[in-house]
Undergrad: 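Pasting a structure below so you can have a look.
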Protein chains: 2
Amino acid sequence: MSSRSVIPFRAILQGMEQPIINRSIRQLSPEKTEAILKGAMQEFLACGYAATSMDRVAATAGVSKATVYNHFQDKEGLFNALIEQLVHKKFRSIFSSIDDQTLQGDPTAALTQIANNVLDSGLGDAQYLNFIRLILGESGRFPDLARTFVRNVEVVSCQFLKQYLHEKAESLRLIDPEATGRIFIGALVHYIIVQEMLHGKDIMPMERDRLITSLIFHICPQRSPLSPSD
Amino acid sequence: MSSRSVIPFRAILQGMEQPIINRSIRQLSPEKTEAILKGAMQEFLACGYAATSMDRVAATAGVSKATVYNHFQDKEGLFNALIEQLVHKKFRSIFSSIDDQTLQGDPTAALTQIANNVLDSGLGDAQYLNFIRLILGESGRFPDLARTFVRNVEVVSCQFLKQYLHEKAESLRLIDPEATGRIFIGALVHYIIVQEMLHGKDIMPMERDRLITSLIFHICPQRSPLSPSD
DNA sequence: TATCTATACTACTCAGTTTAGTTTAGTTAT
DNA sequence: ATAACTAAACTAAACTGAGTAGTATAGATA
């Protein structure tokens, strides 16, 4: 996107072998880097890529604009670094809080907890919602960032479920645990997107427990005759 | 967003009852309106809201900038009109091409065709993908447009499936056709998002027929012993 | 006569650079 | 160890060159 040929800043030299002058090499302060990324997060998540200004990022970070450009090559570089950080640090493991005991027990209870974990990550957290919005909205202009997201969030989620369902495949009589896992995640993600991201709560309301109940009903083969509604 | 108090243009009066001055009122040419909307579509879908310039919209539409502002109040108004048009004209009925005969027959075949219709709408069409990207990406800044989308696309899809599954509820032994419909749509939409929108095809590949087969396997109660994979 | 075009304008914002001066931290000499 | 020195990280501010939304004007067109 930016196409200029300028002598690269010190920031780009990170990781390159230093020449001769090793006398008093101070690093760019990690505190500033963190502050800039924090400011960038606030701005990019709130305004999107195009509508975010580097002046405002610097102001929000409490740092001069020149410092921003000492730490990051340009707007695109800062954006890339931010998304990469968010994907790796914040939004990776939705399943870490699921204890092994639940996983070993009744599949209905385990799947309920997994579903609730997925929904909790997206239903309350406005920051998470804005992050997904940003990734989806910019996935056309930043395909590599989208792929990073897929590798670190989607793949992890689906692998986790695939593994779990594979273990239970016989007792649940599943023929394709991987596809079942995708259906499970997909139904939940779509619910989050429609209800919260697209503000569809009031237009097409549905209790989250109702969706989870149905989801588990369709995955676990025993079909009880009691019908909750409709 | 734009906060100026200007005497409204003729464009805003569209649909309002005209006052007294009906003396030789030529309308703003509908051809120009269409051309502007077409240009706006190209630009907004390709660049997003913030990165689209009104100069470029006018140029793409083959129309002067002043004409754009005669037909639409401002950038936001044009964007609103565009999304509204797209939602209503282009991306409303995914199910129109499903014939009644299929719907009356074997549920497995019917659901397969419905699933294929949903996937076809999103897997090939780059324009459709960009449209969804735009809606999702701007859903935070344009909540009303997001709601319009929900009302006209999500609700229609889910209602259609709810209705169909409600009729088959007994034979398929469904306890909550509406929730089942959501799961069905959700799994397909999530598949489109991950594979196409987020460029996950090569990272976590999955044949579309495999997903559809599993989906129908989970909805239709008869569980065949033959397993296609894994 | 009203819609259109072309063009230029206003007032502003933007990404990124530069300049001049301040702070900070590592090195060296005392 | 402490003080002096020095180079780099920083700040504030101005600046460049380009682009922005939206308006205004004068003339072409139908």
Side-chain angles (χ1 to χ4, degrees), chain A residues 1-14 18-36 39-40 43-44 47-80, chain B residues 1-14 18 21-36 39-40 43-44 47-80:
Chain A
M1 283 180 170
S2 77
S3 56
R4 289 168 304 98
S5 54
V6 181
I7 291 156
F9 288 86
R10 203 158 300 262
I12 327 175
L13 297 174
Q14 281 181 342
Q18 315 264 28
I20 308 101
I21 327 106
N22 52 346
R23 202 162 77 82
S24 83
I25 7 92
R26 272 168 66 201
Q27 298 289 343
L28 294 171
S29 98
E31 291 86 4
K32 298 282 173 186
T33 307
E34 260 329 292
I36 294 165
E43 294 298 321
F44 280 124
C47 309
Y49 178 77
T52 289
S53 91
M54 295 296 270
D55 289 76
R56 226 166 39 237
V57 167
T60 305
V63 138
S64 80
K65 199 175 162 185
T67 298
V68 174
Y69 280 96
N70 272 350
H71 284 251
F72 299 94
Q73 193 174 17
D74 52 21
K75 189 181 181 182
E76 216 180 300
L78 174 57
F79 186 64
N80 275 283
Chain B
M1 283 181 171
S2 76
S3 56
R4 290 169 303 101
S5 54
V6 182
I7 292 156
F9 289 85
R10 205 160 298 260
I12 329 173
L13 299 174
Q14 280 182 345
Q18 314 265 28
I21 327 107
N22 50 350
R23 200 164 71 82
S24 82
I25 5 93
R26 269 169 68 201
Q27 298 291 340
L28 296 171
S29 97
E31 291 85 5
K32 299 283 173 185
T33 308
E34 262 326 294
I36 294 165
E43 293 298 321
F44 280 123
C47 310
Y49 179 78
T52 289
S53 91
M54 295 295 270
D55 289 75
R56 226 166 39 236
V57 167
T60 305
V63 140
S64 81
K65 201 174 160 186
T67 299
V68 174
Y69 280 94
N70 273 350
H71 285 250
F72 300 94
Q73 193 176 17
D74 53 20
K75 189 182 181 181
E76 216 180 302
L78 174 57
F79 186 64
N80 275 283

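Here is how names work: the chains are called A, B, and so on, in the same order as the sequence lines, proteins then strands, and each is numbered from 1. Predicted, not measured: the structure shown is a model, and the values here were computed from it.
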Undergrad: Separation of A:Leu78 atom CG from C:dA15 atom C1', in whole Å?
TA: 12 Å
Undergrad: So, using salt bridge (charged side-chain N to carboxylate O under 4.0 Å, His left out) as the criterion, who are the partners of A:Lys32 when residues are at least two apart?
TA: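 Partners of A:Lys32 under the salt bridge (charged side-chain N to carboxylate O under 4.0 Å, His left out) test: none.
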Undergrad: Between protein and nucleic acid, restricted to nucleotides 22-25 of chain C and to nitrogen or oxygen atoms under 3.5 Å apart, what atom pairs and distances do you find?
TA:
| residue | atom | partner | partner atom | Å |
| --- | --- | --- | --- | --- |
| C:dT24 | O2 | A:Arg26 | NH1 | 2.7 |

Undergrad: Find the distance between OG (B:Ser64) and CG (B:Asn70) and round it off to the nearest 0.5 Å.
TA: 8.0 Å
Undergrad: To the nearest Å, give me how far apart OH (A:Tyr69) and C1' (D:dT16) are.
TA: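 Taking atom C1' of D:dT16 as the reference, OH of A:Tyr69 is at 13 Å.
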Undergrad: Of all residues at least two apart in sequence or in a different chain, which pass the side chain to side chain contact (heavy atoms under 4.5 Å, CB included) check with A:Ala35?
TA: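 By the side chain to side chain contact (heavy atoms under 4.5 Å, CB included) rule, A:Ala35 matches no residue at all.
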Undergrad: Rounded off to whole Å, could you give me the CD-to-P distance for the B:Glu76 and D:dG22 pair?
TA: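 Taking CD of B:Glu76 and P of D:dG22, I get 9 Å after rounding.
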Undergrad: My understanding is that only residues two or more places apart in sequence, or in another chain, count here; which of them pass side chain to side chain contact (heavy atoms under 4.5 Å, CB included) with A:Ala50?
TA: B:Ala50, B:Ala51
Undergrad: Please tabulate the protein-to-nucleotide N/O contacts below 3.5 Å involving nucleotides 4-9 of chain C, giving atom names and distances.
TA:
| residue | atom | partner | partner atom | Å |
| --- | --- | --- | --- | --- |
| C:dC4 | OP1 | B:Ser29 | N | 3.2 |
| C:dC4 | OP1 | B:Ser29 | OG | 3.4 |
| C:dC4 | OP1 | B:His71 | NE2 | 3.4 |
| C:dC4 | OP2 | B:His71 | NE2 | 3.1 |
| C:dT5 | OP1 | B:Lys32 | NZ | 3.1 |
| C:dT5 | OP2 | B:Ser64 | N | 3.3 |
| C:dT5 | OP2 | B:Ser64 | OG | 3.3 |
| C:dT5 | OP2 | B:Thr67 | OG1 | 2.2 |

Undergrad: Would you find a donor on one side and an acceptor on the other, under 3.5 Å apart, between the side chain of B:Lys75 and the backbone of B:Thr52?
TA: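 The answer is yes, because a donor-acceptor pair under 3.5 Å joins these two groups.
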Undergrad: Measure all distances between protein nitrogen or oxygen atoms and nitrogen or oxygen atoms of nucleotides 10-14 of chain C, and list the pairs falling under 3.5 Å.
TA:
| residue | atom | partner | partner atom | Å |
| --- | --- | --- | --- | --- |
| C:dC14 | OP1 | A:Arg56 | NH1 | 3.4 |

Undergrad: To the nearest 0.5 Å, how far apart are OG in A:Ser29 and CD in A:Glu34?
TA: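 The OG atom of A:Ser29 sits 10.0 Å away from the CD atom of A:Glu34.
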Undergrad: State the CE-CG distance between A:Met54 and A:Leu78, to the nearest 0.5 angstrom.
TA: 5.0 Å
Undergrad: When you compare the side chain of B:Arg56 with that of B:Cys47, does any pair of heavy atoms fall below 4.5 Å?
TA: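 Yes. Closest side-chain heavy atoms under 4.5 Å.
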Undergrad: Please give me the minimum heavy-atom distance between B:Ile36 and B:Val68, naming the atom from each residue.
TA: CD1-CA, 3.9 Å
Undergrad: Enter the distance from A:Gln27:CD to A:Thr33:OG1 here, rounded to the nearest 0.5 Å.
TA: 10.0 Å
